[in-house]
Amino acid sequence: MCTQPAEFMSAVSCTNVLMSNEGFKVSSGIAYPIELFYAALLRSVYREVRKIETGNGVKMELRQNEQFLKKAYNKALLPCVLSVLSGNINILADGILVGQKLGTNALAAINFSLPVYLVLCIAGSFVVSGTAIRASDAIGKNRADQAQNLYRMSIFWCAAVSVFITIFGLLFLKPLSLLLCSDADVMPLVTEYSGVTLAGALAKILIYIPFWFLRLDGRNGQVTLMMTVMGVGNVVLDVLFLYALDMGVFGAALASVLSTAAACILGFVKLCDKKSGFKFGFCVKAEGVKFSEIAKAGSPSAANNLFQTLRVSVINALLLSYCGSETVAAFTAVNCICAFAESVTSGVPQAASAMLGIYSGEHDNESTRLLMKRQLKSGIPCALIFSAVIIFGADFISLAYGLNISLRFAFAYLSLGIIPALVNCVLSGFYNVSGQNLRANSIIFLRVFLMPCASLFALLYLGHSPWLFLFLGEILTLILWFIATGISHKNRSRFLLLNNSLEKSGNVINFSVSGDAENICDASGRITDFCADNGMSPKQIMRISLALEEIMILITDKNEMAVEFDLRVYSLQGVIGIRIRYGGNDFNPLAYADNDEEYLGIRLIESICEQAIYQRTFGTNTVQIFVEGGVSA
């Protein structure tokens, strides 16, 4: 803001020294060219100096770092991990308590009934993940009304699908039970458990709505609370129904349904309160969004549950055929621990899904790369800790399930596969939210179904340990992905397959700064330089510079904590877009343009901007400014 006046006065002072009687008394013909050269030199030096910042005597380029992004991601990480962990307590509690109280037949019945539960997961995840991913994309493209209608659409279709599944499932319960299990001793227990699960389909499917949309709203703590209610409630009710009331397998299934219903009600209460960014309602179809687009976005989540269902059925059949029912019971325990491993392999990508969806809508490749790296940095230590726990606790887990088979080799191979599984889940999650659904579905199909089942068949046929399939399924998928991206990336980036055309053209910059006055001035200068280089008029540049400094200083002053800014500027099709993203409390600086005469720069935005928008997404604040005057593509 002060640069141009300072340059002008420096040039005037130079001319005065050259021409005055107290100075060198040179003629104007000599002084004025020197003045112009001096002003140009000052401008060049200033531009070069402003490209760097000094810290402990080391010069570093002003560029995007992960400080802001790391804080935003970490706020979501623990709640997502705990949410997945709490949800899987249902499976663990049923497995351990049923195994101890009712024996291996009842434990096997729960495992044989798992496909019914997974079908409900397929329905819920397909509808809700599809609408939520499209909603995050709509938010990234500044279509708030469309995001609201997608939320309401998810409510309508989840309710409709759950009613259909309940009616259809209960009508054909006996044939379904026979299909799931042919063992005469176990099948009646399968019928009992599956019937209660189907009757509670509404809660099992609807719970996906608060799970996804509360995270999109940045309220990750509420998701944790909801899932904790489900997990703890299931354990308490299992103890009550199995031990106090002696309700058998029926009681175990009922405990799961009631605890899920309680969590679902709590989640919707939070989605309907004053803090929620979504309003309850029903909508058959969101305007401007095709059903096929929702289906594509929801297909990876649904495919994951579908292939999990097929995987369990195929592995149960293979183990029963080659090894007997005792190994099937052991696989029930291993499968429960695999579900707990998803607190890392699924929880880590889920924490990033809302942010990645919005970055994808904004075509922000640099933030996407940083967030992908952050997922691996956070996930790998968690995976190592989890691996150590299950390896050292293998005998205890076997005892808890009442098994006579050692699980040490099973958990050793599971531990080897957990980091490849994390990488596979991070990649499929990214491909899903970025619209590369075929790649996401391919990874899921390979890692969840094809590679594990093919590996298990080969291992059993050759007489090797069957548990090695837990590692082979993941590592073979990762190898195939590495080969495929090397062949098919063409003009896109390797591995993530991002479109780099905007970066290659030089028409975009991303950088991060802290909220102190010096860094704010540097950021404003960097943006105005970019605007000047991309065809914006000097009058617009001066107003933008004043407005940006005022906005960032106002944000810093009104926040109770230190503020980190993530900034992105791009020029596309004659429009320059400026995005300022920051953490802290919910605060809209653009509101000061109407009710406060003090902020001239913010008021000037209205006269030069095509559009200025404030949004609160995934728990952070975003200001976007669009100005006509950039270089046309």
(message) How long is the straight-line distance from CE of Met451 back to CD1 of Ile479, given to the nearest 0.5 Å?
(response) 9.0 Å
Please tabulate, for the side chains in residues 375-384, all donor-acceptor contacts under 3.5 angstrom to protein atoms that are two or more places apart in sequence or on a different chain.
from, atom 1, to, atom 2, distance (Å)
Ser378, OG, Arg374, O, 3.1
Ser378, OG, Arg374, NH1, 3.4

(message) For Phe282, give me all partners under ring pair (Phe, Tyr, Trp, His ring centres under 6.0 Å), at least two apart in sequence or on another chain.
(response) Phe280
(message) Using side-chain heavy atoms (C-beta onward) and a distance below 4.5 Å, is Lys270 in contact with Leu214?
(response) yes
(request) Please tell me if the side chains of Leu422 and Ile418 come closer than 4.5 Å, counting only heavy atoms from C-beta onward. (result) no
(message) Please determine whether the number of non-hydrogen atoms from other residues, nucleotides or ligands lying under 6.0 Å from atom CZ of Arg152 exceeds 12.
(response) yes
(request) Applying side-chain contact (heavy atoms from CB on, under 4.5 Å), run through Ile155 and Phe268 and close with a yes or a no. (result) CA-CA 10 Å; Ile155 297 174; Phe268 273 100; 4.2 Å; yes
(request) Taking the side chain as every heavy atom from C-beta outward, state whether Tyr208 and Phe213 have any atom pair closer than 4.5 Å. (result) no
(message) Looking at Phe457, I'd like to know if its CZ atom is crowded, meaning that more than 12 non-hydrogen atoms belonging to other residues, nucleotides or ligands lie closer than 6.0 Å.
(response) no
(message) Using every non-hydrogen atom in the two residues, find where Cys425 and Thr345 come nearest and quote the distance to one decimal.
(response) CB-O, 3.0 Å
(message) With a 6.0 Å cut-off on the ring centroids, do Phe278 and Tyr151 count as close?
(response) yes
(message) So, taking the atom named CG in Leu179 and the one named CZ in Phe172, what distance separates them when rounded to the nearest 0.5 Å?
(response) 13.0 Å
(request) Determine the minimum heavy-atom distance between Pro210 and Leu271, stating which atoms define it. (result) CA-CD1, 3.6 Å
(request) Take the angle between the ring planes of Phe307 and Phe449 and call it parallel below 30°, perpendicular above 60°, tilted in between. (result) parallel
(request) Verify the neighbour count for atom NZ of Lys285: are there more than 12 heavy atoms of other residues, nucleotides or ligands below 6.0 Å? (result) yes
(request) Could you tell me whether the side chain of Met372 reaches within less than 4.5 Å of the side chain of Leu356, counting heavy atoms only? (result) yes
(message) Looking only at side-chain N and O atoms, does Asp238 offer a donor or acceptor that is under 3.5 Å from a partner on Asn234?
(response) yes
(message) Give me each pair satisfying side chain to side chain donor-acceptor pair (under 3.5 Å) with a member in residues 470-479, each pair once, sequence neighbours excluded.
(response) Asn424-Glu474, Arg447-Glu474
(request) Taking the side chain as every heavy atom from C-beta outward, state whether Ile294 and Leu150 have any pair of such atoms under 4.5 Å apart. (result) yes
(message) Which residue in the set Val163, Leu206, Leu202, Ile207 passes side chain to side chain contact (heavy atoms under 4.5 Å, CB included) when paired with Cys158?
(response) Leu206
(request) Would you mind reporting whether Tyr413 and Phe469 have side-chain heavy atoms less than 4.5 Å apart? (result) no
(message) Nearest 0.5 Å, please: how far is CD1 in Ile337 from CD1 in Ile397?
(response) 4.0 Å
(message) Between Ser256 and Lys204, do the side chains contain a donor N or O and an acceptor N or O under 3.5 Å apart?
(response) yes
(request) Measure across Ile165 and Ala123 and return the closest heavy-atom pair with its distance rounded to 0.1 Å. (result) CD1-CB, 3.9 Å
(message) I want to check something: taking the side chain as every heavy atom from C-beta on, are Leu414 and Cys338 in contact at a cut-off of under 4.5 Å?
(response) yes
(message) Taking the side chain as everything from C-beta on, heavy atoms only, tell me whether Glu287 gets closer than 4.5 Å to Gln146.
(response) no
(message) So, applying side chain to side chain contact (heavy atoms under 4.5 Å, CB included) with Pro300, which one of Leu438, Ile133, Val433, Ile444 is it?
(response) Ile444
(message) Atom CZ of residue position Phe168 - does it have more than 12 heavy atoms of other residues, nucleotides or ligands inside 6.0 Å?
(response) no
(request) Applying side chain to side chain contact (heavy atoms under 4.5 Å, CB included) between Ser113 and each of Thr197, Val249, Leu198, Val190, report the one that passes. (result) Val190
(message) Looking at Asn74, I want to see if its CG is surrounded by more than 12 non-hydrogen atoms of other residues, nucleotides or ligands under 6.0 Å.
(response) yes
(request) Kindly say whether Arg134 contributes a backbone atom to a donor-acceptor pair with the side chain of Glu293 at under 3.5 angstrom? (result) no
(request) Using a cut-off of 6.0 Å, state whether more than 12 heavy atoms not belonging to Tyr243 lie near its atom OH. (result) yes
(request) Enter the distance from Ser125:OG to Phe211:CZ here, rounded to the nearest 0.5 Å. (result) 11.0 Å
(message) Does atom CZ (Phe156) have a neighbourhood of more than 12 heavy atoms from anything else shown, all under 6.0 Å?
(response) yes
(request) Give, for atom CG of Leu254 and atom CD of Glu192, the distance between the pair rounded to the nearest 0.5 Å. (result) 11.0 Å
